[in-house]
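Everything quoted here is computed from the prediction, not taken from an experiment.
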Amino acid sequence: MKELDIEIIKSFRELISKPNQKVLILPHVNPDGDAVGSALGLSRVLKNSGILVEVISVNDYPEFYYWMAGHEQVTFYSKKPKKIRQLFQESDLLICLDFNHMSRTGDLKSLVENYAKPRVLIDHHPYPQDFPDVLISHPECSSTAELVYHVLRAMDFEKYLDREAAEALFCGIMTDTGSFDYNVSDPQTFQTVGELLKFGIDQDYIHAKVFDNYSADRMRLLGYCLNECMEVFPEYHAAVMYLSKETQKKFNFVPGDSEGFVNYPLSIKGIHFSTLFTERDDMVKASFRSKGEFPANEFASENFNGGGHRNAAGGEVYGSLTETLDRYRKLLPAYQELLVKTKSKG
């Protein structure tokens, strides 16, 4: 990871160190493990230092993240919109985590856009939108949780880290790297994990809480999708899975049930580009994973209103699932040369 800009870190520390101020921490809509871990880990450290902090979220996140310390204090706009609006009015600083564009604030977009106090963004996604007053952006970092750890160290806040904060940050790194399967080319990521382990966290316990905590319906859904809702394209070294609303209803789908589904086709010999399309009420959510040098983020940004990292990206389509799948199939030939080239590099 590149060195943090000392002047930017100094500006951030000055903002959060003002006496008697109230700080809001906001992850992106539909928070994943990195968003939740970053928010709760940062919140814990700031609270330990004596700063008044509130973690807010547009909507709820999967239950397998509820074990993290501080979850019970999170306020969700989907449940308490009046309280959220009040918190925005009463706060003095807004820290945005794990998103690079205002569109990722969902129903809170207008409140974030019109926020009159300072806004800070800490994120690891490329091409951040120019809306924060203080921008800490490092796309080369494995996760926002890892970046938060380095920011805390640079501000000399490491002394306020404890086991609960370390657990949350470790969870963020673990989930955003697919249990250290991608986005981990920098040795510093493992050095960061080593530092977090010194706080006495149990990595096996955390892994079990997140990945061994699914419902029977979720397991049946995965089996059904692999058998009935997956298409493999050997000539393009690609595969796609899809979840219709009908399938979701059939297996009592809840947010988080499809976590990790997009990675399964990458286990197929010769497949190094995988896609998952999930049908929503108003659009189709897209998730992309790749191996080697195939740029999943470019594929997402060029075709599916998305972006992300080279090997892990996302997007969305405002159309039907059938139209989206047809579009995807027609796009593959244009990327065949790049996909074949990627194959030769492993």
Any chain of hydrophobic side-chain contacts (each under 4.5 Å) joining [X] to [Y]?
X      : Y      : result
Leu87  : Ile51  : no
Ile122 : Val55  : yes
Val148 : Leu196 : yes
Val45  : Leu197 : yes
Ile206 : Ile173 : yes

(request) Have a look at Leu169 and tell me which of Leu161, Ile201, Leu40, Thr144 forms a side chain to side chain contact (heavy atoms under 4.5 Å, CB included) with it. (result) Leu161

Please confirm whether the backbone N or O of [Y] pairs with a side-chain atom of [X], one donor and one acceptor, at under 3.5 Å?
X      : Y      : result
Gln129 : Met102 : yes
Asp98  : Pro27  : no
Asn252 : Asp217 : no
Ser57  : Asp60  : no
Glu14  : Ser11  : no
Asp123 : Phe99  : yes
Arg13  : Met155 : yes
His237 : Gly270 : yes

Rounded at 0.5 Å granularity, tell me how far [atom1] in [X] sits from [atom2] in [Y].
X      : Y      : atom1 : atom2 : result
Leu24  : Leu93  : CG    : CG    : 8.0 Å
Ser38  : Tyr149 : OG    : OH    : 14.5 Å
Arg44  : Ile25  : CZ    : CD1   : 13.0 Å
Leu276 : Cys225 : CG    : SG    : 8.0 Å
Met283 : Asn305 : CE    : CG    : 10.0 Å
Gln191 : His150 : CD    : NE2   : 8.5 Å

Taking the six-membered ring for Trp, is the centroid-to-centroid distance between [X] and [Y] below 6.0 Å?
X      : Y      : value
Phe76  : Tyr61  : yes
Tyr335 : Tyr236 : no
His101 : Tyr127 : no

Results of ring-ring contact (aromatic ring centres under 6.0 Å, His included) for [X] - residues two or more places apart only:
X      : answer
His125 : His309
Phe273 : Phe294, Phe299
Phe12  : none

Note: [X]-[Y] ion pair, threshold 4.0 Å (strictly below):
X      : Y      : result
Asp5   : Lys10  : no
Glu246 : Lys249 : no
Arg163 : Glu167 : yes

(request) With salt bridge (Lys or Arg N to Asp or Glu O under 4.0 Å) as the test, would you mind laying out the steps for Glu298 and Arg310 before giving the verdict? (result) CA-CA 7 Å; Glu298 293 181 14; Arg310 183 181 67 185; over 6 Å; no

(message) Within a 6.0 Å radius of atom CG on Asp282, are there more than 12 heavy atoms belonging to other residues, nucleotides or ligands?
(response) yes

(message) Tell me whether the count of non-hydrogen atoms from other residues, nucleotides or ligands lying under 6.0 Å of CZ in Phe190 goes above 12.
(response) yes

(request) Please test His138 against His124 for ring-ring contact (aromatic ring centres under 6.0 Å, His included), starting from the C-alpha separation and ending with a verdict. (result) CA-CA 5 Å; His138 283 259; His124 74 131; over 10 Å; no

What closest approach, in Å, do [X] and [Y] show between heavy atoms, and which atom pair accounts for it?
X      : Y      : answer
Phe261 : Met241 : O-SD, 3.6 Å
Ser142 : Thr177 : CB-CG2, 3.9 Å
Gly315 : Phe288 : N-CE1, 4.3 Å
Gly319 : Val284 : O-CG2, 3.5 Å
Arg280 : Asn30  : NH1-ND2, 3.9 Å
Ser137 : Pro128 : OG-CG, 3.6 Å

(request) Determine, step by step, whether Val210 and Met174 satisfy the side chain to side chain contact (heavy atoms under 4.5 Å, CB included) criterion, reporting the C-alpha distance in whole Å, the side-chain angles of both residues, the deciding distance to 0.1 Å, and the verdict. (result) CA-CA 10 Å; Val210 175; Met174 178 188 72; 4.0 Å; yes

(request) For side chain to side chain contact (heavy atoms under 4.5 Å, CB included), just list the numbers for Leu26 and Leu94, CA-CA rounded to whole Å, side-chain angles, deciding distance to a tenth of an Å, and then say yes or no. (result) CA-CA 7 Å; Leu26 173 68; Leu94 175 65; 4.1 Å; yes

(request) Could you check if a side-chain atom of Asn297 sits within less than 4.5 angstrom of a side-chain atom of Ser301, using non-hydrogen atoms only? (result) no

Do [X] and [Y] pair up side chain to side chain, a donor and an acceptor below 3.5 Å, judged on atom types alone?
X      : Y      : value
Asn263 : Asp181 : no
Tyr318 : Glu316 : yes
Glu146 : Thr189 : yes
Thr247 : Ser244 : yes

(request) Test the Arg218-Tyr214 pair against the cation-pi criterion, namely NZ or CZ under 6.0 angstrom from the six-membered ring centroid and within 45° of the ring axis. (result) yes

(request) May I ask you to check if Arg327 and Phe304 form a cation-pi contact, with NZ or CZ under 6.0 angstrom from the six-membered ring centre and within 45° of the axis? (result) yes

(request) If the plane angle is over 60° it's perpendicular, under 30° parallel, otherwise tilted; pick one for Phe157 and Tyr160. (result) perpendicular

(request) Evaluate the ring planes of Phe251 and Tyr224, with Trp represented by its six-membered ring, and classify them as parallel (under 30°), tilted (30 to 60°) or perpendicular (over 60°). (result) tilted

(message) Going by side-chain hydrogen bond (donor to acceptor under 3.5 Å, both in side chains), Gln86 matches just one of Lys82, Glu90, Gln89. Which one?
(response) Glu90

